[in-house]
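Numbers restart at 1 for each chain; the letters A, B, ... are given by sequence-line order, proteins then strands. Every heavy atom of this structure was used, including side-chain atoms; hydrogens, water molecules and symmetry mates were not.
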Amino acid sequence: MNRIFSRRGRMLGLALASISFLTVAAATAGDVTVWVWDPNFNGAAMKEAATRYAAINPDANIIVDDSASQDDIRAKLQTQLLAGSTDGLPDIVLIQDDIAQKYLQSFPGSFEPLSDSIDMSAFAPYKVAAATFDGKSYSVPFDSGVSGLFYRSDYLEQAGFTAEDLNDITWDRLVEIGTEVKAKTGHLLLDLDMNDPGLIQMMMQSAGQWYFNADGSLNIIDNAPLKKALETFAKFYEADLVKPVSGWAEYTGAFTSGEVAAVAVGVWITGTIKANADQSGLWGIASTPRLDIEGSVNASNLGGSSWYVLASSDNKEEAIDFLKTIWASDVDFYQKILVGQGAVGSLLAAREGEAYKATDEFFGGAPVWQNFSDWLAEIPSVDYGVFTAEVRSAITAQLPAILDGGDIDAALQAINDQAQQQMQ
Amino acid sequence: MAGWGFIAPALILLGLFMIYPIIWSLWMSFQVGKGMNLSFGGLANIERLTKDPVFLRALGNTFTFFIVQVPIMIVLALLFAVALNDSTLRFRGLFRTAIFLPCVTSLIAYSTVFKSMFAGDGVVNQTLMALHLINTPISWFGDPFWAKVVIILAITWRWTGYNMIFYLAALQNIDRSIYEAARIDGVPAWARFRYLTIPMLKPVILFTTVISTIGTLQLFDEVYNFTAGSGGPSDSTVTLSLYIYNLTFKFMPSFGYSATVSWVIVVLVGILSLIQFLVARDRRSA
C-alpha cells in the first residue's frame, strides 16, 4: 500500500516537474514570439521582418507562430487574459483593428503602451486611432484594410464597360452594371456570405460612421449610412446578382474561379487573387463604390490589423526595439512585403518607395499600389468601439428578413434591441 | 482507513476538477460584469435570460433539434438493431461495423466532410440536380431551414450506430424461446416487434433516450464547424452551447451570464430526464 502510494507520488511529482519544465522552456529570455494567422500574408511579412532584424541584431531570435487561425488566436488571448495566466502568451500578437478596443478596455494593463517609444505620427491616423485608449497608443499599425473593387476586366469588356466606367461610382450604379454584365455574360456580379456583414461595414465606414457614438452608446436606429448600406445590400439580391456562399473557402472560391465578376474587399485579398497566375491581365481594380448619400466617399476599409506587445512579456524591450527598427522605420522592408505579399502597410513614409510606383501586369498594367495608397489617405476614420462582434451578430440575425424585402426600420430596431441586450 | 487511502487520490482529483468547478460556476452564475470586473448581481442574469432574443432563439433551436432528431435516431437505431440481429442475414458483422463506424470518426473530420458535401456546388446538390429533383442548387448553409436539416442529418448519421449497439446488446440477452413460442402461436413479425421486442427493450430505450437528450442539449461541434462558429444563417442553428462559447470567447467576455446559460442546460437535462423516467415508469405499472 505504501509502495503504491509512494510510486504514485513520484509519478505525480515527475508529471508536475515536466509541466513546469515545459513552461520554462517556452519562455527562454531573449526569444521574441509572435502570433500571426495567415502564413501567406501576415506570417510571411513577419518572417521577412524577422530576417531583416536578425541581419542588424544577430543575437535576436524572433519566432513566428502562424499555426493558429485568427479565431483561435482571439479565443486563446481572451481565455488566458481572463484566467490571468499569461505564461502561454507570446510577446507580440497581431490583432484586427475593429476588435482591438475590446481587448484594451476589458483587459486594462495587459498590453504595453507603445506611443512613448515609437512615433505614432508616422502612421496613418485612422490606424493609430483604432489602438488608442486613454490617450495612449498600444499598437504598431500594420496592414491597411483599404478597400477596392476587384473585377474581371474581361467580363466587363464583353458587357461593353471600360475601366473608366467603374471608377468612382456609386453602389447603385454597380447594380446597373452588374445587371448588364449578367445579361451579356451570364456571370453573377458578387458572392456574399450571409454570416459576414463585412460589406455592410465597408459601405457604412465610407460615410464615416460605425455602430457606436463617441460615448460608446449604440448608433443604429438613426444611422443613415447603415440604413442605406442595408438597403444597398438588399438591392444586389433583388437584382439577383449574388451567389450565396458559406465560409471563407467558398467565398474566395467564387471569384478566384471566375464564377462571379467582382469582389469588393480589402487590399489584403490581392495575394489570394494573384495566386491564380493564369488569370494575369484579366483583372482590374477600381475605387470602392460609394453610398448614394451625402458624405460617402470612394474609399473605405475592411479588416486590417496591428502589432501589440503584451505587458506580461519578459522581452518587452527586445520586442519594442524590433517593432521600432523594422516596422516603424524600414521603408525598404515595406516595398518588399508590398511586392511579396500585397501588404499595404500604414507607415506613411513607405508610400514614397519605389514599389508603390510600380504597375502590375496582373491588373492590366494599372498603378495599383499608388491607387491604394491614394485611397488609404481618404478613408474616413471611425471609432470601432468594443461591441462590434455583438452588433455584427445582431445584423446577421436580421439579414434574411431584410433580403426577403422586410422593413429596414423594423430590422434596425431589432438589431438595436438585440445589441442593447448583449451590451450589458 | 486503508480503503480511504486507495480512493483518496481519485476523490481529491474529483473534488478539485469536478465538484469545485461546479460549485464555483453556480456562484459565477450570479455575477454580472465584463471581463474580470465581476460583482454580485443577484437574479440579474436570470432576468436577462428572459429578455435575450439570442438566448430564446438558441433555446428554441436546441429544442427543435431535440424534438426532431432524437425520435428519428432512436427509431432508426431500433430498426437497424432488429434487422441486424436476424441470424439469417449475411455479412451482419460488416453492416454492424459500417453503421457503428461514424461515431468513432473524428468530429472535425466528419464535420468537414459534411460541410463540403453540402456546399453550394457539393456532391449533394450535384446529385440532386442530376436526378432532376431540384433545378437550382440549394444553399444548404444559407437558408435557415436547410441549415437545420443538415445538422439533424449529420448528428443522426453520427449517433445512430452508437445507439444501435446498445439495442443489439440488449436483443442478444432476450431468450430466443420467447420468439419461438410467439411464432408457433402465429404472432406476425410486426406484432412480435411491437409487443415483445419493444417492451423488453424499454430500459435500454429509456437509457438511450436520456443520453441522447443530454447529448443534443449540449450540441456544439457540428454547429460550430458547419457555420464557422456563427450559428447562422440568422441564428437559425445557434445552440445553447454555442451561445455559451460566444458569450465567453467571442463577445465581450461575460462569464457570469454564460455560467447562467450553462446552468439552464443543467436544469433542462434534469427536468427532461425526470420526465422520461416518469413516462417509462407509468407504462410499466399500467
#### Entry: Audit row: B:R48, A:Q422, side-chain hydrogen bond (donor to acceptor under 3.5 Å, both in side chains) steps and yes/no
CA-CA 9 Å; B:R48 181 173 167 184; A:Q422 300 215 302; over 6 Å; no
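Between chain B and the residues A:L77, A:V245, A:D417, A:T79, the largest count of heavy-atom pairs under 4.5 Å involves A:T79. When each of A:A397, A:A389, A:S393, A:P244 is scored by its heavy-atom pairs under 4.5 Å with chain B, the top score falls to A:A397.
Within the 3.5 Å criterion, the main-chain N or O of B:V54 finds no donor-acceptor partner in the side chain of A:Q418.
Inspection of non-hydrogen atoms places A:P400 of residues 399-416 of chain A under 4.5 Å from chain B.
Closest of all the heavy-atom pairs between B:F251 and A:E390 is CB-OE2, 2.9 Å. The two residues A:L82 and B:T248 have their closest heavy-atom pair at CD1-O, 4.2 Å.
Residue A:Q421 touches chain B through both its backbone and its side chain, counting heavy-atom pairs closer than 4.5 Å.
Here the CG atom belonging to A:N195 is positioned 10.5 Å from the CZ atom belonging to B:F141, to the nearest 0.5 angstrom.
Residue B:K148 qualifies as enclosed at atom NZ: its count of foreign heavy atoms under 6.0 Å is above 12.
For B:F220, the ring-ring contact (aromatic ring centres under 6.0 Å, His included) partners two or more places apart in sequence, or in a different chain, are B:Y224, B:Y245.
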